[in-house]
Amino acid sequence: MIVELDCGNSFIKWRVVDGAKSVICSMGIAASNEELISALDEIGRTISLRRGRLVSVRSDEETAQLRELLAQNLGVEVQCAQPARALAGIRNGYDDFSALGLDRWLAMVGAYSLARKACLVLDLGTAVTSDFVSADGVHQGGYICPGLPLLRSQLREHTRRIRYNDAMVKEVIKDMGPGRATAEAVERGCLLMLRGFMDAQLALATEYLGDDFDVFVTGGDAALVKEMLSGARFVPDLIFIGLAIACPIP
Ligand SMILES: Nc1ncnc2c1ncn2[C@@H]1O[C@H](COP(=O)(O)OP(=O)(O)OP(=O)(O)O)[C@@H](O)[C@H]1O
Ligand SMILES: CC(C)(CO)[C@@H](O)C(=O)NCCC(=O)O
Ligand SMILES: [K+]
């Protein structure tokens, strides 16, 4: 079995897959290294875990530390995705290819491997990112803005009276009318910003990619824009698809 890890800025998304059959045996989200090790340790009691692949947008030190923990506690050797100028028919569009976030890169690699045509790749996590890939696989660049968790926390951090219970978040965005309570006003306001950003990306995609492109959406907050992106492909495991291409395990 292969352990797959996507280490974002807030959470570690993990899966255990049967490499030969590409079947997902188990998956989850961990808030810390300790939580991850304990979840995998539990699985390791019944299933043999030996190898793995990992993508991280954390510091090299943090990533090395996690790798060490996996080796020492579980005996799992993980291969880390590395920056590349080109991979699987895609060309990295950054002036300094190593500065492009590896999650963005792998999401693009995954999307282009599925579409084989121009694509707009949207990832809604701690940060929100968009990336533009032309039909011939050339990355045109992209945009980065704060995601919902950051929009919210910035408002709270820099105001005295924006305070409300997190448990209300899901409930208050069922309606998007003008808010009549702080939670409604903030949650709906931030979501509208996010949706406005999505609209702008679609317009830019037409400008830079022409009329024939696929839209891919991934990340923890993807569901919040599902209604407005009717033709888009919602692929929660897009980064894992790219990761398997970047780190093949024989
Ligand atoms: N089961 C879940 N566990 C944690 N967060 C979730 C879950 N489902 C949806 N979310 C939402 O996903 C968002 C975080 O997204 P995601 O996990 O893709 O990114 P991340 O790891 O925080 O950061 P990055 O963008 O660096 O990958 C949060 O706003 C959170 O509310
Ligand atoms: C933008 C994030 C934080 C999104 O997870 C990540 O891709 C990252 O840290 N990128 C490095 C900066 C860049 O992509 O230009
Ligand atoms: K991400």
Side-chain angles (χ1 to χ4, degrees), residues 4-15 24 26-33 35-36 39 54-63 66 80-85 87 90-111 121-133 139-156 164-173 183 186-191 193-195 197-198 201 216-226 234-243 246:
E4 297 185 325
L5 304 168
D6 168 11
C7 307
N9 277 296
S10 313
F11 298 101
I12 303 173
K13 277 73 68 178
W14 62 266
R15 326 198 293 190
I24 301 165
S26 193
M27 61 195 291
I29 300 179
S32 65
N33 285 353
E35 221 178 284
L36 173 73
L54 173 158
V55 54
S56 172
V57 294
R58 300 183 178 184
S59 69
D60 290 343
E61 293 72 31
E62 284 174 283
T63 306
L66 175 57
C80 294
Q82 300 296 331
R85 236 182 269 281
L87 176 67
I90 297 211
R91 187 152 198 91
N92 189 320
Y94 261 31
D95 298 329
D96 170 6
F97 71 90
S98 68
L100 175 71
L102 280 171
D103 53 349
R104 297 171 62 191
W105 176 237
L106 294 188
M108 275 188 269
V109 168
V121 183
L122 301 164
D123 186 343
L124 292 81
T126 305
V128 169
T129 59
S130 70
D131 281 287
F132 299 72
V133 182
H139 176 218
Q140 307 294 306
Y143 298 90
I144 304 172
C145 75
L148 277 184
L150 289 182
L151 291 174
R152 273 186 203 116
S153 66
Q154 282 296 92
L155 278 172
R156 282 187 203 177
Y164 55 89
N165 182 351
D166 282 338
M168 301 173 76
V169 168
K170 272 222 171 80
E171 197 56 34
V172 298
I173 55 168
V186 172
E187 289 300 323
R188 292 175 193 174
C190 291
L191 186 49
M193 277 193 70
L194 205 61
R195 289 182 179 164
F197 181 84
M198 295 294 125
Q201 299 312 308
F216 286 86
V217 194
T218 193
D221 284 326
L224 301 176
V225 296
K226 207 158 192 168
F234 284 78
V235 186
D237 60 354
L238 198 54
I239 290 176
F240 286 127
I241 295 172
L243 180 60

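Whatever order the structure lists them in is the order used to number ligands and atoms, beginning at 1. All values below were derived from every heavy atom in this structure, side-chain atoms included, with hydrogens, water molecules and symmetry-related copies excluded.
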Short list, please: which atoms of ligand 1 are under 4.0 Å from a heavy atom of Gly8? 21 (O), 24 (P), 26 (O), 27 (O)

Checking Ser130 side chain against Gly142 main chain: does a donor-acceptor pair fall under 3.5 Å? no

With heavy-atom distances below 4.0 Å as the criterion, list the atoms of ligand 1 near Ser10. 20 (P), 21 (O), 22 (O), 23 (O)

Any sub-3.5 Å donor-acceptor pair from Arg104's side-chain atoms to Val121's backbone N or O? no

closest protein heavy atom to atom 26 (O) of ligand 1 is Asn9 N, 2.8 Å

Above 12 or not: heavy atoms from other molecules or residues under 6.0 Å from CG of Asn165? yes

One finds that the ligand 1 atoms under 4.0 Å from a non-hydrogen atom of Pro149 are 28 (C), 29 (O)

Are any of the N/O atoms on Asp123, whether in the backbone or the side chain, positioned under 3.5 angstrom from an N/O atom of ligand 1? no

Would Arg156 pass as a cation-pi partner of Tyr164, given that its NZ or CZ must be under 6.0 Å from the six-membered ring centre and within 45 degrees of the axis? yes

Is there a nitrogen or oxygen of Phe11 sitting under 3.5 Å from a nitrogen or oxygen of ligand 1? yes

What residue and heavy atom of the protein are closest to atom 15 (O) of ligand 1, and at what distance? Gly125 CA, 3.3 Å

Could you list, one pair per line, each nitrogen or oxygen of ligand 2 together with any protein nitrogen or oxygen closer than 3.5 Å, giving atom names and the distance rounded to 0.1 Å?
{"from": "ligand 2", "atom 1": "5 (O)", "to": "Asp103", "atom 2": "OD2", "distance (Å)": "2.5"}
{"from": "ligand 2", "atom 1": "7 (O)", "to": "Asp103", "atom 2": "OD1", "distance (Å)": "2.6"}
{"from": "ligand 2", "atom 1": "14 (O)", "to": "Gly101", "atom 2": "N", "distance (Å)": "2.9"}
{"from": "ligand 2", "atom 1": "14 (O)", "to": "Arg104", "atom 2": "NH1", "distance (Å)": "2.7"}
{"from": "ligand 2", "atom 1": "15 (O)", "to": "Tyr94", "atom 2": "OH", "distance (Å)": "2.5"}
{"from": "ligand 2", "atom 1": "15 (O)", "to": "Arg104", "atom 2": "NH1", "distance (Å)": "3.4"}

What atoms of ligand 1 come closer than 4.0 angstrom to any heavy atom of Gly219? 18 (O)

Backbone or side chain, does any N or O of Thr126 fall under 3.5 Å from an N or O of ligand 1? yes

Take atom 6 (C) of ligand 1 and look for protein heavy atoms under 4.0 Å from it; say yes if you find one, no if not. no

Short N or O distance, Gly220 and ligand 1, threshold 3.5 Å exclusive: yes

Polar protein atoms (N, O or S) that approach the K ion (ligand 3) to under 3.4 Å: Asp103 OD2, Asp123 OD2

Between His139 and Tyr94, what is the ring plane arrangement, given parallel below 30°, perpendicular above 60°, and tilted in between? parallel

Atom pair CG/CG of Leu66 and Asn33 - distance to nearest 0.5 Å: 4.5 Å

Quick one: pull up CZ in Arg85 and CG in Leu100 and give me the separation to the nearest 0.5 Å. 13.0 Å

Hey, could you give me the CG/CG distance between Asp123 and Asp221, rounded to the nearest 0.5 Å? 10.0 Å

Among Asp221, Val169, Ile12, Leu151, the residue with a heavy atom nearest to atom 13 (C) of ligand 1 is Asp221

In terms of atom number and element, which parts of ligand 1 are under 4.0 angstrom from non-hydrogen atoms of Ile29? 1 (N), 2 (C), 3 (N)

Is the closest N or O pair between Arg152 and ligand 1 shorter than 3.5 Å? no

In Å and rounded to the nearest 0.5 Å, what is the CH2 to CD distance from Trp105 to Gln82? 13.5 Å

Leu194 CG to Cys145 SG distance, which is reported to the nearest 0.5 Å: 6.5 Å

